[in-house]
Amino acid sequence: MATINNNYLKLKAGYLFPEIARRVNTFAQANPDAPIIRLGIGDVTEPLPLACRTAMTNAIEDMGDREKFKGYGPEQGYAWLREAIATNDFQARGCDIDASEIFISDGSKCDCGNILDIFGHDNTIAVTDPVYPVYVDTNVMAGNTGDANEQGEYGGLVYLPITTANDFTAQIPTEKVDLIYLCFPNNPTGATATKAHLQAWVDYAKAHGSIIFFDAAYEAFITDPSLPHSIYEIEGARDCAIEFRSFSKNAGFTGTRCALTVVPKTLTAKAADGSDVELWKLWNRRQSTKFNGVSYIIQRGAEAVYSTAGKAQVKELIGFYMENAKIIRAELTAAGLEVHGGINAPYVWVKTPDGLSSWDFFDKLLTNCHVVGTPGSGFGAAGEGYFRISAFNSRANVEEAMKRITAKFKA
Ligand SMILES: *Cc1c(COP(=O)(O)O)cnc(C)c1O
């Protein structure tokens, strides 16, 4: 008789987004004429930059030319894309990262989960609270946790609260943890980490032999020049950090799929016999066996992000979303709400008024303003009493949603 991976039975049944959909559908059925605006899901809305589309169109032509046609590409990604990334995203910021340490993939979401393939099941794992749910669920699937409690917290994981008490930066644990997930600029809170904060993390990781998984999916949204874009801007990070990056949010590739993971060759972890093993070798082996690379066409599109035209168009795209964020922050503040984030990230983290729970505020916004956001409690127990509003939308939708909220909440 075939058996299943029983760890899947521990998963909380994808509670957040299905529950949002259920409540929105119920409301929409009862109020078919209500013009609902969705500021909930973390997906981009604006078209792909022209430079990327042109590069992809040219790449399609290459595929129709016997001389230029490409079959299987390198599992690690084409050298020209890895070189462009190494030069522009890392070396230009003073990060000592070589193209050979960059692995191209079809998404950071996949890589965040896949990376667990090369780590043991005996690691102590820390996540922030609130957190991007992928980090937690992939550890549950891998068998790295116990069961969930009432609040959805899994046994065996160390939860590090991100709250007003620590200015929305992740609390450095007092105990020893082996693997740590950090995401800055943060989804869902929009919070950022200073160089000093990341230095404290790197120092902690080096002192304990821990590995940091640094998710920099939102680095392009940083406006404050003093903030680090990469963990490799921090002294010592080559010895303790893996960085995940994606073209999803900066260049609008959520539907196109291209991302990268950086595994420095200086990174090691312990084998059962006590020896130090290079993580680069394991990840290279893992990718070569289980992955066959990203489409040539898509990699050409990603390469165009680093062209002069591509850089200007991505900058404009980010500027557009950040203007949305600025409007959201200003309007909600004027309406008397307490807001965080939205300055170096496309997410605004709103304190619910009058002590409302995250879900009560969700219902109130939906019923009174026909606006959909994301309840903070869906990202973890410490998110209770908060609400995420996304800047990924058209200007008209953002302005209309803010008009309705201000009308409702401004006394
Ligand atoms: C959107 C997002 C990503 C990017 O995921 P892809 O699979 O590359 O689209 C990674 N991390 C976080 C926290 C995100 O919100």
Could you go through residues 108-119 and list every donor-acceptor pair under 3.5 Å that involves a side-chain atom there, pairing it with any protein atom two or more places apart or in another chain?
unit_1 : atom_1 : unit_2 : atom_2 : d
Ser108 : OG     : Arg245 : O      : 3.0
Asp111 : OD1    : Ser105 : OG     : 3.4
Asp111 : OD2    : Ser105 : OG     : 2.8
Asp111 : OD2    : Thr261 : OG1    : 2.6
Asn114 : OD1    : Arg286 : NH2    : 3.3
Asn114 : ND2    : Cys110 : O      : 3.3
Asp117 : OD2    : Arg286 : NE     : 3.0
Asp117 : OD2    : Lys290 : NZ     : 2.8

Would you list the atom pairs, donor with acceptor, under 3.5 Å between side chains in residues 364-379 and any protein atom, with sequence neighbours excluded?
unit_1 : atom_1 : unit_2 : atom_2 : d
Thr367 : OG1    : Asp363 : O      : 2.6
Asn368 : ND2    : Lys364 : O      : 3.2
Thr374 : OG1    : Gly40  : O      : 2.8

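Applying the ring-ring contact (aromatic ring centres under 6.0 Å, His included) test to pairs two or more places apart or on separate chains, those with a residue in residues 135-161 are Tyr132-Tyr135, Tyr135-Tyr181. Within the structure, every pair that satisfies the side chain to side chain donor-acceptor pair (under 3.5 Å) test and touches residues 302-313, not counting sequence neighbours, is listed here: Asn88-Lys311, Asp89-Tyr306, Arg300-Glu303.
Legend: residues meeting side-chain hydrogen bond (donor to acceptor under 3.5 Å, both in side chains) with Lys281, ordered by chain and number and at least two apart, are absent. Residues forming a side-chain hydrogen bond (donor to acceptor under 3.5 Å, both in side chains) with Asn149 (at least two apart in sequence, or on another chain): Glu153. The side-chain contact (heavy atoms from CB on, under 4.5 Å) check on Lys68 picks up Asp62, Asp65, with sequence neighbours excluded. Listed by chain and number, the residues in a salt bridge (charged side-chain N to carboxylate O under 4.0 Å, His left out) with Asp276 are Lys270 (sequence neighbours excluded). Residues satisfying the salt bridge (charged side-chain N to carboxylate O under 4.0 Å, His left out) criterion with Asp147, sequence neighbours excluded, are absent altogether. Residues satisfying the side-chain contact (heavy atoms from CB on, under 4.5 Å) test with Thr223, not counting sequence neighbours, are Ile343, Asn344. For Glu83, the side-chain hydrogen bond (donor to acceptor under 3.5 Å, both in side chains) test picks out no residue, with sequence neighbours left out. A search for side-chain hydrogen bond (donor to acceptor under 3.5 Å, both in side chains) contacts involving Asp224 returns Ser226, not counting sequence neighbours.
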Hey, mind stepping through Phe361 and Asp354 against side chain to side chain contact (heavy atoms under 4.5 Å, CB included) and telling me if it holds? CA-CA 10 Å; Phe361 187 64; Asp354 311 322; over 6 Å; no

